[in-house]
Participant: 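Have a look at this one.
Lettering follows sequence order; numbering is per chain, from 1.
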Protein chains: 2
Amino acid sequence: MTQLHPKATMTTGCSVERALNLIDGKWKIVILHKLLKGTLRFNELRRQIPAVTQRMLTNQLRELEADGLIIRTVYPEVPPRVEYSLSARGRSLEPVIMALKAWGDRNLSSPEVEAA
Amino acid sequence: MTQLHPKATMTTGCSVERALNLIDGKWKIVILHKLLKGTLRFNELRRQIPAVTQRMLTNQLRELEADGLIIRTVYPEVPPRVEYSLSARGRSLEPVIMALKAWGDRNLSSPEVEAA
DNA sequence: CATCACGGTATCCTTTTCGACACTATGTGC
DNA sequence: GCACATAGTGTCGAAAAGGATACCGTGATG
């Protein structure tokens, strides 16, 4: 409540511009996409997105959490268990993510086709 | 033909990741969004997106052109006239852009609501 | 006792991004 | 003659993003 949106404080530009501010960063959409299929633990995400480094993953997850798009649940166990899941707001991005994925599938899935 | 995708050469990750590679950059989606409404000249774009600098706008437009998302038409007149319009590929991003805009409108248009 | 897994931090460093500013050529208007 | 508009380019430098690596505490495992 006290300060929900570190990145969403801008008021300039159209809603497109402001929305982009929430999902910039190389990995955010990818993370959200993975979480669409269900809750994942930190290292499960790491394994699903091999190209992301630990620091980056932490970083992006913290920003997503700060923006209210995901929920971070810490289980005070040993070894520690931390689960990430989409918030309602995060889940509401599903149409965007799926539209992007559909576009990627249509336009990028077979590069040799467009080279032909 | 010879080398269409400077940014699309990556093959790693899912289609979502690869699609993101084409539309990263702060302004690309915004530019595409403006162009959805019709052809625009360079300075018209600048005026519609006041926050972008001239160098950045040029830069992003060149990348969009190189990725085959927009078409740049130069009219050899004086003063020079250059028009930018969406290619078919660029226009195919419309669902993504509109989904993002819809989301932004729903989630970001009135920040005070979510603070309540 | 050493190692591993978990979920991170902290630090350093390189790369990329991006803004500010100056500059270009040409024709028109003042 | 000077400024303005068009559509940029070039250079500089600051800032941010992002990668590599090392480290943390704990409990189980070997």
Side-chain angles (χ1 to χ4, degrees), chain A residues 5-10 12-13 17-18 20-32 34-35 39-67 70-85, chain B residues 5-10 12-13 17-18 20-31 34-35 38-67 70-85:
Chain A
H5 311 292
K7 292 254 193 158
T9 42
M10 66 178 292
T12 58
E17 257 174 275
R18 280 175 291 146
L20 281 173
N21 246 271
L22 286 188
I23 58 170
D24 74 351
K26 235 175 170 174
W27 308 106
K28 287 192 187 169
I29 291 286
V30 181
I31 292 170
L32 293 174
K34 301 294 182 192
L35 290 180
T39 298
L40 287 173
R41 299 175 59 172
F42 184 81
N43 278 345
E44 287 175 330
L45 273 171
R46 270 190 73 178
R47 282 185 284 267
Q48 297 217 8
I49 314 170
V52 74
T53 62
Q54 191 168 28
R55 198 179 68 90
M56 265 302 108
L57 183 54
T58 304
N59 201 322
Q60 303 277 287
L61 286 169
R62 291 297 143 84
E63 288 192 21
L64 287 169
E65 187 196 5
D67 286 331
I70 65 173
I71 295 167
R72 178 170 180 266
T73 312
V74 182
Y75 296 88
E77 306 172 354
V78 160
R81 183 158 62 100
V82 181
E83 289 187 349
Y84 294 92
S85 58
Chain B
H5 311 289
K7 291 255 195 161
T9 42
M10 68 178 290
T12 58
E17 256 174 275
R18 280 176 291 148
L20 281 172
N21 245 271
L22 286 188
I23 58 169
D24 75 351
K26 236 175 168 174
W27 306 106
K28 288 193 185 167
I29 291 287
V30 181
I31 291 170
K34 300 295 183 191
L35 289 181
T39 297
L40 287 174
R41 298 176 58 174
F42 185 80
N43 277 347
E44 287 174 331
L45 274 171
R46 270 189 72 176
R47 282 186 283 266
Q48 296 216 10
I49 315 172
V52 74
T53 62
Q54 190 168 27
R55 201 179 66 90
M56 265 303 108
L57 183 55
T58 304
N59 202 321
Q60 302 277 287
L61 286 170
R62 292 295 143 89
E63 288 192 19
L64 287 169
E65 188 196 5
D67 286 331
I70 65 173
I71 295 167
R72 178 170 179 265
T73 311
V74 182
Y75 297 88
E77 306 172 355
V78 162
R81 183 159 61 100
V82 180
E83 289 187 348
Y84 293 93
S85 57

Participant: Quick check for you: among D:dT6, C:dG8, C:dG19, whose closest atom lies nearest to any side-chain atom of B:T53?
Facilitator: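 Closest nucleotide to the B:T53 side chain: C:dG19.
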Participant: Using the rule side chain to side chain contact (heavy atoms under 4.5 Å, CB included), only one of A:L40, A:I71, A:L35 pairs with A:S85; which is it?
Facilitator: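 Testing each of A:L40, A:I71, A:L35 against A:S85, the sole residue satisfying side chain to side chain contact (heavy atoms under 4.5 Å, CB included) is A:I71.
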Participant: Measure from the side chain of B:W27, starting at C-beta and using heavy atoms only, and say which of D:dA22, D:dG25, C:dG19 lies closest.
Facilitator: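 Out of D:dA22, D:dG25, C:dG19, the nucleotide with an atom closest to B:W27's side chain is C:dG19.
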Participant: Between C1' on D:dG19 and CG on A:N59, what's the gap in Å once rounded to a whole number?
Facilitator: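 One finds 12 Å between C1' of D:dG19 and CG of A:N59, rounded.
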Participant: When the distance from CZ of A:R41 to C1' of C:dG7 is rounded to whole Å, what number comes out?
Facilitator: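 After rounding, the reported distance stands at 9 Å.
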Participant: Once you round it to whole Å, what is the distance between P of C:dC6 and CG of A:N43?
Facilitator: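 Nearest whole value for this atom pair: 5 Å.
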Participant: Side-chain N or O of A:K26 versus OP1/OP2 of C:dT16: is the shortest distance under 4.0 Å?
Facilitator: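 No, because none of the side-chain N or O atoms of A:K26 sits under 4.0 Å from OP1 or OP2 of C:dT16.
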Participant: Check A:R72, A:E65, A:K34, A:R41 against A:Y84 for a side chain to side chain donor-acceptor pair (under 3.5 Å) and give me the one that passes.
Facilitator: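 Passing option: A:R72.
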Participant: Atom CZ of B:R47 and atom P of D:dG8: how far apart are they, to the nearest Å?
Facilitator: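 It is 13 Å, rounded to the nearest whole Å.
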Participant: Quickly work out the B:R55 CZ to D:dT9 P distance and round it to whole Å.
Facilitator: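 Computing the B:R55:CZ to D:dT9:P distance gives 11 Å.
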Participant: Where the side chain of A:R72 is defined as all heavy atoms beyond and including C-beta, which of C:dG19, C:dG7, D:dG8 is the nearest nucleotide?
Facilitator: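 From the listed options, C:dG7 comes nearest.
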Participant: Whole-Å distance between C:dA5 P and A:L45 CG?
Facilitator: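 Taking atom P of C:dA5 as the reference, CG of A:L45 is at 18 Å.
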Participant: What heavy-atom pair brings A:K26 and A:Q60 nearest, and what distance separates the two atoms?
Facilitator: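 For A:K26 versus A:Q60, the nearest heavy atoms are N-OE1, 3.8 Å.
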Participant: Specify the separation, in whole Å, of atom CG of A:L57 and atom P of C:dC6.
Facilitator: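 Spelled out: CG on A:L57 to P on C:dC6 is 13 Å.
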Participant: Nearest-nucleotide wise, let me know which of B:F42 and A:P79 is further upstream toward the 5' end of DNA chain D.
Facilitator: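 Closer to the 5' end of DNA chain D: B:F42.
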Participant: Choose from D:dA7, C:dC18, D:dG18 the nucleotide whose nearest atom is closest to any side-chain atom of B:Q60.
Facilitator: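 Nearest nucleotide to the side chain: C:dC18.
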Participant: Which atoms form the tightest heavy-atom contact between A:R46 and A:L57, and what is the distance?
Facilitator: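 Closest heavy-atom pair between A:R46 and A:L57: CG-CD2, 3.2 Å.
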Participant: Any idea which of C:dG8, D:dT9, C:dG19 is nearest the A:R62 side chain?
Facilitator: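 For the A:R62 side chain, the nearest candidate turns out to be C:dG8.
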Participant: Base, sugar-phosphate alone, or nothing: which one does B:Y75 contact when heavy atoms must sit under 4.0 Å apart?
Facilitator: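 The answer is nothing, as B:Y75 stays clear of every strand by at least 4.0 Å.
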Participant: Send over the distance from B:I49 CD1 to C:dG19 P, rounded to a whole Å.
Facilitator: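 Answer to the nearest Å: 12 Å.
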Participant: Show the nearest heavy-atom pair for residues A:T39 and A:E44, with the distance to one decimal.
Facilitator: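 That would be O-OE1, 4.5 Å.
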